[in-house]
J.: 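Shown below is the structure under consideration.
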Amino acid sequence: MTEQPAVSLLGLGRMGLPIAERLLDSLGSLTVWNRTASKADALAARGARLAAAPADAAADIALTVLTDLSDVRDVLHGEDGLLAGWRRARTDRPVLVVHGTVSPTGVAELAEELAVEGIGVVDAPLSGGVAGAESGTLSVMVGGQDWAVAKAMPVLENVGATVVHFGGPGTGEIAKACNQVIVASTVTAISEALVLADAWGIDRAQLLRILGGGLANSEVLRQKRDRWLTADFTGGGSAVNQLKDLRFAADTAAAKGLRLPVSLTLKDVFEQMIREGLGDLDHSAVELTIAGTIEKTRSTAP
């Protein structure tokens, strides 16, 4: 009987924690590390092994749920980093899974660097938000060497319900860039529609209800509906991260000589939102920027 590979997860933020909970339930064992160790207390009470440093989380398959590639490199290097842990344990062909939305070229370069040491890198960005992480219904967009993806796939299938391998290192991130163009477009389009409805005295709840029953329905509408009705835009997927994703999309397009007009317009809108100090709010708060732009236009009209 083949021994099950050891699995670890680094980064217990809004996405990482529910993913870790599901993995612990499905795999039966899991090592976790987080910069703020107290965030792992509940997992420890359920049987997870707590790593004192990233090196102690150097499992056969190490999943990182971190914001950017610089964060991944931080947990890789140094005396207490993953690389040091794998070297000390003489782990055979370990796999690093990068769940964050990061630069496609950057993660491909990282894969090339680590391949020299026999380490596989799988870029596996996620879509579905915290609700998807909690329910296990995330979409997982996968790129990486075939052997590394094959090793990680049984674990990834416990992270999400739809898991697709697109090709070599970086292709998962390219797929995520495509996903984020659609997400940003949908969030912004619904926000704009609500601003239009408000101007004509149309009831928001009724409008969202009718949109949800027709072709305009979407997972974005379902997950963000209450935010648009209550104007509670705290938490959630931040506008800062949405802009980061749109910049990756623009860079990815430029590498192929493409100019994506919708993506570039969206990038301008979210850049304005962040200039207005709204960057930490959920991206659905883009309606505040749209409404403010319209009001400024009215006030300066001759």
Side-chain angles (χ1 to χ4, degrees), residues 13-15 66-72 98-110 123-130 132 139 141 143 166 170-196 216 218-221 223-224 227-228 231 233-298 300:
R14 297 182 69 253
M15 292 290 286
L66 302 167
T67 303
D68 213 340
L69 209 50
S70 59
D71 302 314
V72 176
V98 178
H99 278 310
T101 301
V102 303
S103 163
T105 54
V107 79
E109 289 168 0
L110 179 64
D123 49 295
L126 310 164
S127 182
V130 175
S139 288
M141 291 149 269
F166 287 92
T171 57
E173 297 294 348
I174 293 171
K176 180 60 184 289
C178 296
N179 181 89
Q180 292 305 85
V181 169
I182 296 169
V183 170
S185 301
T186 307
V187 165
T188 306
I190 296 173
S191 294
E192 196 164 276
L194 290 170
V195 171
L196 176 60
S218 67
E219 184 65 17
V220 168
L221 193 154
Q223 287 199 28
K224 306 295 181 180
R227 290 187 180 277
W228 280 310
F233 298 116
T234 56
S238 73
V240 167
N241 283 335
Q242 183 72 85
L243 178 59
K244 179 190 74 168
D245 300 346
L246 289 167
R247 285 174 172 163
F248 287 145
D251 292 345
T252 302
K256 289 294 184 181
L258 303 175
R259 185 182 184 280
L260 305 179
V262 172
S263 299
L264 293 174
T265 298
L266 290 168
K267 185 167 73 72
D268 290 344
V269 171
F270 280 95
E271 284 175 345
Q272 180 179 341
M273 183 177 175
I274 289 163
R275 285 196 299 271
E276 293 169 352
L278 306 175
D280 291 333
L281 296 180
D282 184 81
H283 52 175
S284 58
V286 71
E287 77 151 278
L288 303 177
T289 292
I290 294 168
T293 299
I294 292 170
E295 190 56 39
K296 287 174 187 174
T297 302
R298 281 178 173 169
T300 57

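Note: hydrogens, waters and symmetry copies are ignored here, and every other heavy atom, side chains too, is used.
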J.: Which residue pairs pass the salt bridge (charged side-chain N to carboxylate O under 4.0 Å, His left out) test when at least one of the two sits in residues 248-264, sequence neighbours left out?
T.: none
J.: Less than 4.5 Å apart, side chain to side chain, heavy atoms only: is that true for F270 and L246?
T.: yes
J.: Applying side-chain hydrogen bond (donor to acceptor under 3.5 Å, both in side chains), run through N179 and S127 and close with a yes or a no.
T.: CA-CA 8 Å; N179 181 89; S127 182; 3.1 Å; yes
J.: Can you list everything that forms a side chain to side chain donor-acceptor pair (under 3.5 Å) with H283? Sequence neighbours excluded, please.
T.: K224, Q242
J.: Only counting residues at least two apart or in another chain, list the ones meeting side chain to side chain donor-acceptor pair (under 3.5 Å) with T188.
T.: none
J.: Can you name the side chain to side chain contact (heavy atoms under 4.5 Å, CB included) partners of A285, sequence neighbours left out?
T.: F233, M273, L281, L288
J.: Does some side-chain heavy atom of I274 sit less than 4.5 Å from a side-chain heavy atom of V240?
T.: yes
J.: Over all heavy atoms of both residues, which pair between L126 and H99 is shortest? Give the atoms and the distance, please.
T.: CD2-ND1, 3.6 Å
J.: Taking side chain to side chain donor-acceptor pair (under 3.5 Å) as the test, write out the residues that go with Q180, two or more places apart.
T.: D245
J.: Quick one: do S284 and D282 satisfy side-chain hydrogen bond (donor to acceptor under 3.5 Å, both in side chains)? Show the steps, please.
T.: CA-CA 5 Å; S284 58; D282 184 81; 2.5 Å; yes
J.: Indicate the atoms forming the closest heavy-atom contact of L278 with A239, along with that distance.
T.: O-CB, 4.1 Å
J.: Using the side chain to side chain donor-acceptor pair (under 3.5 Å) criterion, which residues pair with T171? Sequence neighbours excluded.
T.: none
J.: Without swapping roles, check the side chain of W228 against the backbone of S191 for a donor-acceptor pair under 3.5 Å.
T.: no
J.: What do you reckon, is CG of D71 surrounded by more than 12 foreign heavy atoms closer than 6.0 Å?
T.: yes
